[in-house]
Number of protein chains: 2
Amino acid sequence: MPRSARISAEVLFRALADRTRLRLLNLMNGQELCVCYFVGVLSTNQPKISRHLAYLRRAGIVAARKDGKWMHYRIAVPPNDAAAKILKQTLDWLAHDPEMRHDLTLLNKACCSPNALVEIEGAPPPIPMQPLGAA
Amino acid sequence: MPRSARISAEVLFRALADRTRLRLLNLMNGQELCVCYFVGVLSTNQPKISRHLAYLRRAGIVAARKDGKWMHYRIAVPPNDAAAKILKQTLDWLAHDPEMRHDLTLLNKACCSPNALVEIEGAPPPIPMQPLGAA
DNA sequence: ATGTCATATACGCATATGCGTATGCGACTG
DNA sequence: CAGTCGCATACGCATATGCGTATATGACAT
C-alpha cells in the first residue's frame with residue numbers, strides 16, 4: 001500500500017498552475033521549511049501562504065510535519081513515476097527563473113545573515129533534504 | 001527571432017490542467033487532425049472543442065493550418081527545452097491512461113473502419129507526424 | 001488561567017473558467 | 001449568388017479560484 005495515492009495529471013497540473021505555489025515548491029526544493037519562512041520570503045500575508053500550502057498538500061505533492069507550534073512543509077515525491085518525473089523537471093525548470101533564484105537568496109539571508117527577516121526570529125531553521133530537482 | 005515565444009511554467013501548466021485539453025493533446029500526438037475528428041472522438045459539441053483548441057493555441061503548444069474549409073491542428077513543440085520536455089513527458093504519461101488509449105482506438109476506427117463516425121464523412125484524413133511523446 | 005505565538009480556516013468579494021446555445025464568417029457547391 | 005459546410009466566436013450562466021480581513025485553534029509561556 002503506497003503512503004499516498006497516485007496523482008492524476010489534472011490534479012498535478014492544476015497544483016502547478018499558480019505562480020505562488022510554484023514559488024513555494026521552489027523554496028521547498030532541498031529543505032523542509034515552516035510557514036513563517038514562506039511568508040517572509042514572498043513577503044505576503046500568512047493566510048495566503050497557508051491556503052496554498054494546504055492546496056499542495058491536498059494535491060499530494062507536499063507533506064507536513066507538526067513541531068510544537070510550527071508546521072514544517074516539504075515536497076512529497078508522488079508515488080507514480082510519471083508525476084514524480086514531471087515534478088522533478090518542473091523544479092529544475094524553476095531553478096532557472098530569476099524570481100525563483102531571488103527567493104532562494106532571500107531564504108538564505110533569512111537563515112544565515114546577522115539581519116534575519118523579522119518574521120522568522122526564533123523560528124526553527126530550515127532542515128536540509130535531498131532535493132528532488134536541481135539543488 | 002523564434003517562431004514562437006518561450007512558454008512560461010504557469011501558462012503551460014494551466015493549459016495542461018484540464019481533462020478535455022489533455023485528451024485533445026493526446027489525440028494530436030503523432031498526427032495532425034481537423035476539428036471534426038476531435039468532435040467525433042470526444043463525442044461532444046463543436047464549440048467546446050474549438051474553444052479548447054484555441055486555448056492550447058494561445059498557450060503556444062498547438063499550431064493550426066488552414067486547408068479550405070478545414071483547420072488542421074497539431075502539437076507545436078515549445079521553443080524552450082524545459083517546456084518541451086514536460087510536454088513530451090506528459091504525452092508519455094497520458095499514453096498509459098485507459099480513456100486516452102480508448103480515444104486513440106476511436107480515432108483509428110474513425111479513419112479506417114468501414115463504419116466511420118458520421119461526423120467525419122468526407123473530412124480530410126489525419127496526417128501522420130513525428131510524435132513528441134510515445135507513439 | 002491568561003496571554004501570546006504560529007498556523008489554519010471562515011467569510012465575502014472580485015474575477016476567471018468552463019459550458020451549452022446561438023450566431024458569425026469564410027470557403028466551397030449548385 | 002443562395003445554400004451548405006466547417007469552424008470560430010459572442011453571450012449568458014453556473015461554478016471555481018484567488019484574495020484580504022477577520023477569526024478560530026492549539027501549543028507554549030507566564
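Letters go in sequence order (proteins before strands), and every chain restarts at 1. When reading the values below, keep in mind they use all heavy atoms of this one structure, side chains included, and skip hydrogens, waters and symmetry mates.
Look at CG on A/L56: it is 12 Å from P on C/dA8, rounded to the nearest Å. Atom-to-atom, CG of A/L53 to P of C/dT7 comes out at 10 Å; the value is rounded to the nearest Å. Between the C1' atom of C/dG18 and the CG atom of B/L24 lies a distance of 14 Å, rounded to the nearest Å. Following rounding to the nearest Å, A/M71 (CE) and D/dC28 (C1') show an atom-to-atom distance of 17 Å. The distance from atom CG of B/D18 to atom P of C/dT17 is 11 Å, rounded to the nearest whole Å. Atom CZ of B/R57 and atom P of D/dC7 are 13 Å apart (whole Å). Here D/dC7 presents its C1' atom at 15 Å from CZ of B/R65, a figure rounded to the nearest Å. For the pair A/Y55 OH and D/dA16 P, the interatomic distance rounds to 12 Å; values are reported in whole Å.
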Name each donor-acceptor pair under 3.5 Å that joins a side chain in residues 76-86 of chain A to protein atoms two or more places apart or in another chain, with its distance.
from: A/N80; atom 1: OD1; to: A/I7; atom 2: N; distance (Å): 3.2
from: A/N80; atom 1: ND2; to: A/I7; atom 2: O; distance (Å): 2.9

Output a table of donor-acceptor pairs, distance under 3.5 Å, between side-chain atoms of residues 11-18 of chain A and any protein atom two or more places apart or on a different chain; print 'none' if there are none.
from: A/R14; atom 1: NH1; to: B/A17; atom 2: O; distance (Å): 3.2
from: A/D18; atom 1: OD1; to: A/T20; atom 2: N; distance (Å): 2.9
from: A/D18; atom 1: OD1; to: A/R21; atom 2: N; distance (Å): 3.1

Using the rule given for side chain to side chain contact (heavy atoms under 4.5 Å, CB included), can you reason through B/L104 versus B/L27, listing the C-alpha separation, both sets of side-chain angles and the distance that settles it, and then say yes or no?
CA-CA 6 Å; B/L104 286 171; B/L27 285 172; 4.0 Å; yes
Derivation and outcome, side chain to side chain contact (heavy atoms under 4.5 Å, CB included), residues B/L42 and B/L106
CA-CA 9 Å; B/L42 301 209; B/L106 286 183; over 6 Å; no
Report the C-alpha separation of A/H52 and A/L56 in whole Å, then their side-chain angles, then the decisive distance to 0.1 Å, and conclude whether the side chain to side chain contact (heavy atoms under 4.5 Å, CB included) test is met.
CA-CA 6 Å; A/H52 282 294; A/L56 291 170; 5.5 Å; no
Could you go step by step and tell me if B/M28 and B/L25 meet the side chain to side chain contact (heavy atoms under 4.5 Å, CB included) rule?
CA-CA 5 Å; B/M28 282 183 274; B/L25 286 169; 4.2 Å; yes
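B/Y55 and B/I61 are not part of a single hydrophobic cluster, where members link through side-chain heavy atoms under 4.5 Å apart. With hydrophobic clusters built from ILVMFWY side chains whose heavy atoms lie under 4.5 angstrom apart, A/W70 does not share a cluster with A/L33.
Candidate nucleotides D/dC19, D/dG18, D/dC7 were compared by shortest atom distance to the side chain of A/T20, and D/dC19 ranks first. Comparing D/dG18, C/dT7, D/dA8 by their closest approach to the side chain of A/H52 singles out D/dG18.
At the heavy-atom level, B/F38 lies nowhere under 4.0 Å from the strands shown. In this structure, A/R21 reaches the sugar-phosphate backbone alone: every heavy-atom distance under 4.0 Å involves primed, P, OP1 or OP2 atoms, never a base.
Sorted by first and then second residue, the side chain to side chain donor-acceptor pair (under 3.5 Å) pairs involving residues 22-34 of chain A (not counting sequence neighbours) are A/R23-A/E99, A/R23-A/D103, A/E32-A/R65, A/E32-A/R74. Within the structure, the salt bridge (Lys or Arg N to Asp or Glu O under 4.0 Å) test picks out no pair touching residues 38-51 of chain B (sequence neighbours left out).
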Measure all distances between protein nitrogen or oxygen atoms and nitrogen or oxygen atoms of nucleotides 20-23 of chain C, and list the pairs falling under 3.5 Å.
from: C/dG20; atom 1: OP2; to: B/N45; atom 2: ND2; distance (Å): 2.7
from: C/dG20; atom 1: N7; to: B/R51; atom 2: NH2; distance (Å): 2.8

Tabulate protein N/O versus nucleotide N/O from nucleotides 25-28 of chain C, keeping only pairs under 3.5 Å, one per line.
none

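Taking A/D67 as the reference, A/H72 meet the side chain to side chain donor-acceptor pair (under 3.5 Å) condition, with sequence neighbours excluded. The side chain to side chain donor-acceptor pair (under 3.5 Å) check on B/S50 picks up B/Q46, with sequence neighbours excluded.
Interface residues of residues 8-17 of chain B facing DNA chain C, ordered by number: B/R14; criterion, heavy-atom separation under 4.0 Å.
In this structure, A/Y73 reaches the C/dA8 phosphate: one of its side-chain N or O atoms is under 4.0 Å from OP1 or OP2.
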